[in-house]
Q: 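Mind having a look at this structure? Questions to follow.
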Amino acid sequence: MEGWDPNTKSTLTQIPLLTTKAGPRDGAAWTQRLKEEYRALIAYTQMNKSKDNDWFRISAANPEGTRWTGKCWYVHNLLKYEFDLQFDIPVTYPATAPELELPELDGKTQKMYRGGKICLTVHFKPLWAKNCPRFGIAHALCLGLAPWLAAEIPILVDSGMIKHKDDATSSNES
Amino acid sequence: MATVKKSFHNACKKGNEFRLGGAQELESTAVLQVFLDSEFRHKKPNFGSCGGGAERARMEVELKEMLDDLQSLRQSLSDPSLHASIDKLQSRVDHLTHLAKSVPVRRTKVKDMSAEVVDSNPYSRLMALQRMGIVENYERIREFSVAIVVCICLLLPIYLSKKAFASTLGIGGVGSVAAEMLTRCGIGRILLYDYDKVELANMNRLFFRPEQVGMTKTDAAVQTLSDINPDVVLESYTLNITTVQGFETFMSSLKNKTFCPSKEGSGVELVLSCVDNYEARMVVNQACNELNQTWMESEAQLSRLMPVCEIARLFILIQNLNVLGLKHFQSVSEDAVSGHIQLLIPGETACFACAPPLVVASGVDERTLKREGVCAASLPTTMGVVAGLLVQNTLKFLLKFGHVSPYLGYSSLKDYFPTMAMKPNPQCSNAACLERQKEYILAKPARDAAEKAKMEAEAAAVAADVPLHDDNEWNISVLDDSEMESTGATSSDALPDGLTRELPSADEFQKPPTSGATDNAIDDLEELRRQLEALNAD
């Protein structure tokens with residue numbers, strides 16, 4: 001964890017760790033794991049809200065909890081840029097991390113795999129492997145997606161690859 | 001064809017009618033030429049689609065008749081000034097005859113593989129393996145099914161810095177070429193899995209053609225492969241095997257035994273993994289461990305941790321080869337231009353989760369490797385080599401000849417081919433792998449008995465021979481290699497110099513104290529879901 005800012009580190013320590021090592025094909029054990037995922041996500045969302053640092057919405061898109069959809073946003077130069085967020089829980093979860101997708105940004109940045117999957121290879125996958133099975137979706141968002149947005153969105157905005165929705169539609173909504 | 005000929009005759013008649021008309025006559029010859037041209041332009045697309053040999057023969061006859069007619073027309077014309085244009089027409093018909101001959105013809109299915117050496121037999125050179133005594137029964141290859149998991153994406157990334165310039169990668173390279181090789185060998189059935197579409201950026205790979213851009217890779221592959229060898233049964237699946245749904249389809253297609261109902265176990269002999277990322281490999285590993293399915297892994301890549309000087313060298317190499325443009329500089333392995341193949345037999349050899357991938361620092365201090373501007377790449381040549389090694393090993397495994405390599409590496413910069421065997425890890429994180437290991441150990445007495453019986457049979461065969469040495473003055477005895485190996489093996493986790501694990505292994509997992517705090521936590525999934533939704537609402 002060297003090289004991470006103290007803020008992220010302290011946030012991370014407050015997200016509850018998970019204990020059940022189970023994937024979507026493991027029946028009752030997966031339900032148990034899902035409960036732990038929810039507890040971690042609830043704690044993380046609450047923490048973000050209390051620190052006025054709310055930056056995502058995520059909820060299960062199917063009853064089995066294998067597909068998740070939502071939104072995430074990033075504020076740059078006092079403007080909020082919002083994107084759809086989605087991912088599947090891989091069959092080999094939690095041995096392999098979920099591949100977080102931002103479909104709207106597909107093809108706009110090099111730091112992305114096909115289909116809008118953000119690149120987690122270097123900054124997050126080793127951490128996930130080291131902390132298997134204690135990390136869950138909340139940790140993937142905190143250590144995978146958040147730094148990616150912080151690194152990428154300013155560049156994408158400054159290079160004109162993405163435009164703020166007010167500029168794009170010229171509506172007067174703030 | 002008939003219409004062409006008829007109109008040609010009409011035109012000829014016209015030419016005769018105006019024989020005396022000087023300028024008019026010339027004009028009508030030009031009309032005839034245009035007419036012929038347009039007729040053929042119109043007809044040409046039919047050459048390709050008609051396909052059959054009979055039709056082609058008919059066309060050749062027609063063209064020949066046309067030449068004869070032209071000849072007679074030339075003789076009947078008294079004005080020698082017209083001969084030049086007639087000659088021109090003749091040469092055009094000649095050209096058409098050539099074109100018609102080169103039109104591809106789809107070969108019909110061959111019922112039985114024949115060893116007859118004639119140029120029309122697609123299998124004569126393969127069946128020669130049998131005659132030379134290398135393969136016992138080549139024709140058995142038609143009973144075999146092989147599943148090839150191709151690709152699974154990968155575009156772009158590999159950014160270690162903001163300046164990284166990596167672009168398109170994605171394999172498909174090894175998988176599609178391996179599929180073509182197996183098709184040409186006349187394998188019984190191939191199952192293909194991929195979820196990608198063919199793109200122009202894939203044209204640095206072998207196999208795909210520009211006109212297939214936009215098709216799914218599996219469909220494009222089936223199109224090409226069935227043209228090459230219609231005897232092969234091809235099944236294509238466009239799905240993502242890492243999702244729960246895709247995985248179920250993957251498993252059930254492997255289990256399907258309609259092709260060869262008498263076969264034991266799953267429906268395929270071998271699964272070839274030609275994917276380019278860790279997640280997909282883990283999925284194939286999971287499926288094969290659960291099904292007790294033997295499989296082979298392959299990788300043909302360039303380093304993610306490649307020093308900048310290597311990249312510069314590669315650029316020069318690539319430019320020299322004139323294969324890729326700089327903009328489409330491609331994918332991925334350990335030291336610059338290398339790859340490997342690996343045979344995985346659940347329970348018997350290490351599974352993919354037993355021995356996580358290593359990063360080889362190619363004779364360079366590892367600290368100098370992670371640097372700005374590094375990226376990943378792949379060459380069609382490397383992919384061709386790895387695909388060749390993979391299919392060669394596959395054929396040896398299926399047809400039971402030669403030595404099947406458990407692991408064969410390829411380091412192209414130094415042309416080094418390391419081989420080794422890996423035993424399964426008793427502490428493997430994959431539960432299915434541990435189960436297979438247990439089964440393998442339980443089956444040991446039966447295996448030993450079979451081995452002994454085989455040895456005895458062999459010994460009986462050579463019993464007639466005199467012993468190598470009559471006396472043994474120095475009491476020299478020969479030890480079994482495998483016994484020494486098992487005693488000499490250390491269970492140390494330490495890696496040799498220059499090697500690091502690509503991903504760290506999980507830390508020791510400490511059970512949290514089960515105090516009252518956790519008992520009070522909400523333990524109802526619906527309630528938790530509602531709570532998250534409530535948080536999401538505002």
Side-chain angles (χ1 to χ4, degrees), chain A residues 16-17 19 21 23-25 31-32 34-39 41-42 45-46 49 54 56-60 64-67 70-71 88-92 95-97 99 106-107 109-115 117-123 125-134 151-152 155, chain B residues 152-160 162 164-170 195-196 240-248 250 277-280 282-283 285-287 304 353 356 370 429-430 501-507 509 511-512 518 521-525 527-529 531-533 535-538:
Chain A
L17 292 172
T19 55
K21 189 181 176 189
R25 295 168 66 245
T31 313
Q32 188 57 38
L34 212 50
K35 286 176 195 166
E36 296 175 7
E37 296 279 5
Y38 271 113
R39 278 189 213 115
L41 276 170
I42 290 167
T45 313
Q46 277 170 342
K49 288 192 178 197
D54 200 17
F56 70 87
R57 291 279 172 274
I58 194 78
S59 49
E64 301 82 31
T66 57
R67 180 158 183 84
K71 297 244 176 232
D88 286 291
I89 300 290
V91 272
T92 42
T96 54
E99 297 179 281
D106 189 15
T109 162
Q110 295 182 334
K111 292 152 195 186
M112 202 168 243
Y113 291 90
R114 185 150 308 179
K117 291 174 184 162
I118 67 166
C119 180
L120 300 166
T121 311
V122 175
H123 73 278
K125 294 275 174 77
L127 279 176
W128 180 275
K130 202 169 171 58
N131 290 285
C132 171
R134 283 163 292 169
E152 277 309 292
I155 292 175
Chain B
I152 303 303
C153 85
L154 274 248
L155 181 79
L156 312 178
I158 314 317
Y159 67 104
L160 301 178
K162 285 172 188 164
F165 54 87
S167 64
T168 13
L169 62 111
Y195 75 75
D196 228 347
N240 180 355
I241 57 164
T242 61
T243 62
V244 177
Q245 209 183 2
F247 186 76
E248 295 304 330
F250 178 50
N277 61 94
Y278 179 74
E279 285 75 19
M282 287 291 275
V283 170
N285 187 56
Q286 180 72 32
R304 289 176 183 156
K370 267 199 182 181
S429 60
N430 188 304
R501 297 212 186 275
E502 187 173 291
L503 294 173
S505 46
D507 289 346
F509 178 55
K511 278 239 178 230
T518 48
I522 308 152
D523 201 40
D524 178 56
L525 196 58
E527 180 56 35
L528 287 164
R529 187 168 293 162
Q531 269 195 21
L532 183 63
E533 287 311 317
L535 280 170
N536 282 348
D538 46 63

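Each chain gets a letter, A, B and so on, in the order its sequence line appears, and its residues count up from 1.
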Q: Between Leu17(A) and chain B, which part of the residue has a heavy atom less than 4.5 Å away: side chain, backbone, both or neither?
A: neither
Q: Among Ile89(A), Ile118(A), Ile58(A), who wins on heavy-atom pairs under 4.5 Å with chain B?
A: Ile58(A)
Q: Could you tell me whether the side chain of Asp54(A) and the main chain of Thr45(A) form a donor-acceptor pair under 3.5 Å?
A: no
Q: Does the Lys111(A) side chain pair with the main chain of Ala151(A), one donor and one acceptor, at a distance under 3.5 Å?
A: no
Q: Which answer fits Lys71(A), side chain, backbone, both or neither, if we ask what part of it has an atom under 4.5 Å from a heavy atom of chain B?
A: neither
Q: Which atom pair, heavy atoms only, marks the closest approach of Ala287(B) to Phe247(B)?
A: CB-CE1, 3.7 Å
Q: Looking at chain B, which one of Ser59(A), Pro90(A), Ala97(A), Gly65(A) has the largest number of heavy-atom pairs inside 4.5 Å, strictly under?
A: Ser59(A)
Q: Please classify the contact between Glu279(B) and chain A as side chain, backbone, both or neither, with a heavy-atom cut-off of under 4.5 Å.
A: both
Q: Evaluate the side-chain proximity of Leu528(B) to Arg39(A): yes if any heavy-atom separation is below 4.5 Å, no if none is.
A: yes
Q: Between Thr66(A) and chain B, which part of the residue has a heavy atom less than 4.5 Å away: side chain, backbone, both or neither?
A: side chain
Q: What part of Glu248(B) is in contact with chain A, defined as an atom under 4.5 angstrom from a non-hydrogen atom: side chain, backbone, both or neither?
A: side chain
Q: Give the minimum heavy-atom separation between Ser429(B) and Lys21(A), together with the two atoms involved.
A: O-NZ, 3.6 Å
Q: Side chain, backbone, both or neither: which part of Arg25(A) has an atom under 4.5 Å from a heavy atom of chain B?
A: side chain
Q: Tell me, for Glu64(A) versus chain B, whether the close heavy atoms (under 4.5 Å) come from the side chain, the backbone, both or neither.
A: neither
Q: With Gln245(B), which residues qualify under side chain to side chain donor-acceptor pair (under 3.5 Å), at least two apart?
A: none
Q: Please say which of Thr243(B), Ile241(B), Asn240(B) ends up in a side-chain contact (heavy atoms from CB on, under 4.5 Å) with Phe250(B).
A: Ile241(B)
